[in-house]
Amino acid sequence: MPLAMAAGRLTARSDADLIQASRRGDLSAFEEIYAAHAGRMKSVAYHLLADRADAEDAVQEAFFKIYKAAGAIHFESGLAPWIYRILLNCCYDTGRKRKRQAESPLPVDPPAISANVPLQVAIRHALARIHSQYRMVFWLFEVEGFRHSEVAAILEIPEGTSKKWLFEAKRELKRLLTERRA
Amino acid sequence: MTFHCKDLERALAVPELLPDAREHAKVCEACRRELWLWGEISALAPGLREDWETPELWPKIRQALVAEQKAAKPHGLRGRLAWGGDWRKMAGIAALLAVAISVWIMTYARRAPAPAARQDSDFLTEQTLKEVEQTEAAYRASIDKLSRLAQGKLAAAENPAAIPAREKLMVLDSEIDSVRSTVARNRFNAQLQAELSVLYRDKQDTLKEILQSAE
């Protein structure tokens, strides 16, 4: 058996064990799940909410829901997609709450893509200008390092759509970055 | 194959064509720059990731979960209600409970010949329970039908906006499973039956919203 496949199986088994233990109220097992995923979850939440405090709130809420719903998980697509689906849902809720709480919501324009900033900063600015679906797939695949199968499972889209949206995201980014140079 | 600048876009989408594109880029400055940029976007992307320390986050989560466990232990149902129930849900449960008890009193308690035959007001009689279970089975079948219709709409949607609805259904299904397993161990408890009804109604409303939004 290839090593990667063996490692994958081991991860799936230990994820299942951790969830089983969490279901029985073992918080140290749940802390292991937290330790394995919280960093990346904060980053994804920050990408969606653009505020660290909001991102932390969303992650906290997500872990609470994950713990409560641990009995409902199906391991066909692994633990991570399930966890991130819950996180995205919490981020959307937090975003909606924030919108309601804002007294005078000001439309925020994405920053201009200047030719004088480093390329990485320009990519960040350009990302704010592309379609949100493309941006989400780009973020999960290129920034967070998920595989297309995982992105597809998280966003509940076909794997081919994930690939297509990633291509569209990069094509849009390339166009915007080429324009800034021109 | 003779590679032209106009083929570059297609080559970026089809990895098999990339060697030809790279060959062409050796003699074409514009395509070389495009290819370089395409690679740099992916190469620099991981650097966009946000990392920061939050040593207080896990203790906060742990504290909330410990409080939840403590609340759930002596009164399992109360714990569940405290987590998932806002005042509307509580009010709905209270109203349903009131109706269930009233129906029970009107139908059976008045007819009861002797005090010994009476049951505790928190519990349903065998006959009422049968009716409740039959109604629940019929209700569940109609919701399952609705669910199949909505699942088709959800599966067809390639929009991340559909995720909250799917997620809510998942959490509701989990709650329904949990309450049903508790009901199976304590079939006569009217409160549990009432809570189950509220959850079913919540699911029904969610499914209706999905179907309406898909129209």
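Reminder, nothing fancy here: chain letters follow the sequence lines and each chain counts from 1.
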Practice problem: Please determine, among A:Val44, A:Leu27, A:Leu173, the option with the most heavy-atom pairs under 4.5 Å with chain B. | Solution: A:Leu27
Quiz item: If you tally heavy-atom pairs under 4.5 Å against chain B, which of A:Glu144, A:Lys163, A:Arg52, A:Lys174 wins?
Solution: A:Arg52
Quiz item: Are A:Tyr134 and A:Trp139 close enough, and set up right, to give a ring pair (Phe, Tyr, Trp, His ring centres under 6.0 Å), and what steps lead you there?
Solution: CA-CA 9 Å; A:Tyr134 302 161; A:Trp139 193 270; over 10 Å; no
Exercise. Check the side chains of B:Trp52 and A:Glu56 for a donor-acceptor pair under 3.5 angstrom, ignoring hydrogens and angles.
Key: yes
Self-check item: Residue among A:Phe30, A:Tyr34, A:Phe63 with most heavy-atom pairs under 4.5 Å to chain B
Solution: A:Tyr34
Exercise. Side chain from CB out, backbone as N, CA, C, O: work out which of these in B:Glu53 comes under 4.5 Å of a heavy atom of chain A, or both, or neither.
Key: backbone
Self-check item: Heavy-atom pair count under 4.5 Å with chain A, highest-scoring of B:Asp51, B:Thr54, B:Val66
Solution: B:Thr54
Exercise. Let me know if A:Leu127 has heavy atoms under 4.5 Å from chain B in its side chain, its backbone, both or neither.
Key: side chain
Exercise. Look at atom CD of B:Gln63 and say whether more than 12 heavy atoms of other residues, nucleotides or ligands are closer to it than 6.0 Å.
Key: no
Exercise. Can you tell which part of A:Phe138 gets under 4.5 Å to a heavy atom of chain B, answering side chain, backbone, both or neither?
Key: side chain
Exercise. Identify which of A:Arg40, A:Glu142, A:Lys170, A:Gln120 forms the greatest number of heavy-atom pairs closer than 4.5 Å to chain B.
Key: A:Lys170
Quiz item: Are A:Glu156 and A:Arg85 side-chain neighbours, meaning at least one heavy-atom pair lies under 4.5 Å?
Solution: yes
Quiz prompt | Any donor-acceptor N or O pair under 3.5 Å, side chains B:Glu50, A:Ser43 | solution = no
Quiz item: Do the side-chain N and O atoms of A:Glu61 and A:Thr94 include a donor-acceptor pair separated by under 3.5 angstrom?
Solution: no
Quiz prompt | Atom group of A:Phe167 that falls short of 4.5 Å from chain B, counting heavy atoms | solution = both
Quiz prompt | Contact origin within A:Ala55 toward chain B - heavy atom pairs under 4.5 Å | solution = side chain
Quiz prompt | With A:His37 via ring-ring contact (aromatic ring centres under 6.0 Å, His included) - residues at least two apart | solution = none
